[in-house]
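One structure below.
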Amino acid sequence: QVHLVESGGGLVQAGGSQRLSCEASGRTFTSFAMGWFRQAPGKEREFVAAISWSGGLTHYADSVKGRFTITTDNVKNTVKNTVYLQMNSLKLEDTAVYYCAVGREVGGNPRAYDFWGQGTQVTVSA
């Protein structure tokens, strides 16, 4: 079992910045990627960004490229890892519940992620 604890959500004005964090612990030794997905009211969950466990490979949704940055704080030879999502130039349409996930490949397919966090609300106001 992998445990994911997210933090950093809240209310922010359009054009502002916010950083989300997600700490993974537990049986993470078979994990290869960490990712962020989001779900807005009435919409399906969508991919935001992903990063390899070591941080060497990243992948972004077109809608956030150039505005969001995903990084990781993996401590070598440990099973703990923390992934960050730095969100800049936030738009109203970025409002959603953001979910952290741990999975088997760096990409946007939610089926490749085996463990999910509870989600953290990000609300962008005008």
Side-chain angles (χ1 to χ4, degrees):
Q1 188 72 14
V2 174
H3 304 285
L4 298 171
V5 179
E6 299 143 329
S7 60
L11 179 65
V12 62
Q13 283 194 321
S17 299
Q18 197 159 40
R19 189 174 85 154
L20 305 181
S21 301
C22 174
E23 181 176 326
S25 61
R27 298 176 64 84
T28 62
F29 46 83
T30 59
S31 301
F32 182 76
M34 296 184 76
W36 288 97
F37 289 74
R38 67 186 181 186
Q39 188 166 18
K43 295 188 177 181
E44 292 187 356
R45 190 172 297 190
E46 65 173 0
F47 169 71
V48 176
I51 190 167
S52 59
W53 197 253
S54 63
L57 179 65
T58 58
H59 182 56
Y60 293 93
D62 288 342
S63 59
V64 305
K65 276 181 184 175
R67 299 189 299 122
F68 291 11
T69 303
I70 188 169
T71 56
T72 186
D73 191 20
N74 175 239
V75 179
K76 201 172 183 180
N77 298 324
T78 72
V79 296
K80 279 193 173 183
N81 204 352
T82 301
V83 64
Y84 304 96
L85 185 68
Q86 177 66 43
M87 304 182 293
N88 298 328
S89 302
L90 282 161
K91 304 176 180 180
L92 297 179
E93 52 263 41
D94 293 320
T95 295
V97 177
Y98 283 71
Y99 297 90
C100 171
V102 166
R104 289 163 275 118
E105 63 182 48
V106 178
N109 183 1
R111 296 183 180 181
Y113 294 84
D114 303 306
F115 301 98
W116 294 80
Q118 293 298 307
T120 184
Q121 176 71 46
V122 173
T123 302
V124 183
S125 64

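Throughout, numbering of the chain's residues begins at 1 and tracks the sequence.
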Report yes if the side chains of [X] and [Y] come closer than 4.5 Å at any heavy-atom pair, otherwise no.
| X | Y | answer |
| --- | --- | --- |
| Asp114 | Val2 | no |
| Thr71 | Gln86 | no |
| Val102 | Trp53 | yes |
| Glu46 | Arg38 | yes |

For this session: Each residue besides Val97 in its hydrophobic cluster should be listed here, by chain and number; the cluster joins Ile, Leu, Val, Met, Phe, Trp and Tyr at side-chain heavy-atom distances under 4.5 Å.
Result: Phe37, Phe47, Tyr99, Tyr113, Trp116

With a 3.5 Å distance limit and no angle check, can you tell me whether [X] reaches the backbone of [Y] through a side-chain donor-acceptor pair?
| X | Y | result |
| --- | --- | --- |
| Thr58 | Ile51 | no |
| Ser21 | Tyr84 | no |
| Gln1 | Gly26 | no |

Which heavy atom in [X] sits nearest to a heavy atom in [Y], and how many Å separate them?
| X | Y | result |
| --- | --- | --- |
| Asn88 | Ser17 | OD1-OG, 2.9 Å |
| Met34 | Ala24 | CE-CB, 3.7 Å |
| Ala40 | Thr95 | CB-O, 3.6 Å |
| Ala49 | Leu85 | CB-CD1, 4.2 Å |

Rounded to the nearest 0.5 Å, what separates atom [atom1] in [X] from atom [atom2] in [Y]?
| X | Y | atom1 | atom2 | value |
| --- | --- | --- | --- | --- |
| Trp36 | Leu20 | CH2 | CG | 4.5 Å |
| Met87 | Phe68 | CE | CZ | 5.5 Å |
| Thr69 | Arg19 | OG1 | CZ | 11.5 Å |
| Asn81 | Ser54 | CG | OG | 9.0 Å |

Exercise. So does Asp94 pair up with Lys91, basic N to acidic O under 4.0 Å?
Worked result: no

For this session: Please test Gln121 against Thr123 for side chain to side chain donor-acceptor pair (under 3.5 Å), starting from the C-alpha separation and ending with a verdict.
Result: CA-CA 6 Å; Gln121 176 71 46; Thr123 302; 3.3 Å; yes

Exercise. Do Leu92 and Leu11 share a hydrophobic cluster (ILVMFWY, side-chain heavy atoms under 4.5 Å, transitive)?
Worked result: no

Exercise. Are there more than 12 heavy atoms of other residues, nucleotides or ligands under 6.0 Å from atom CD of Glu44?
Worked result: no

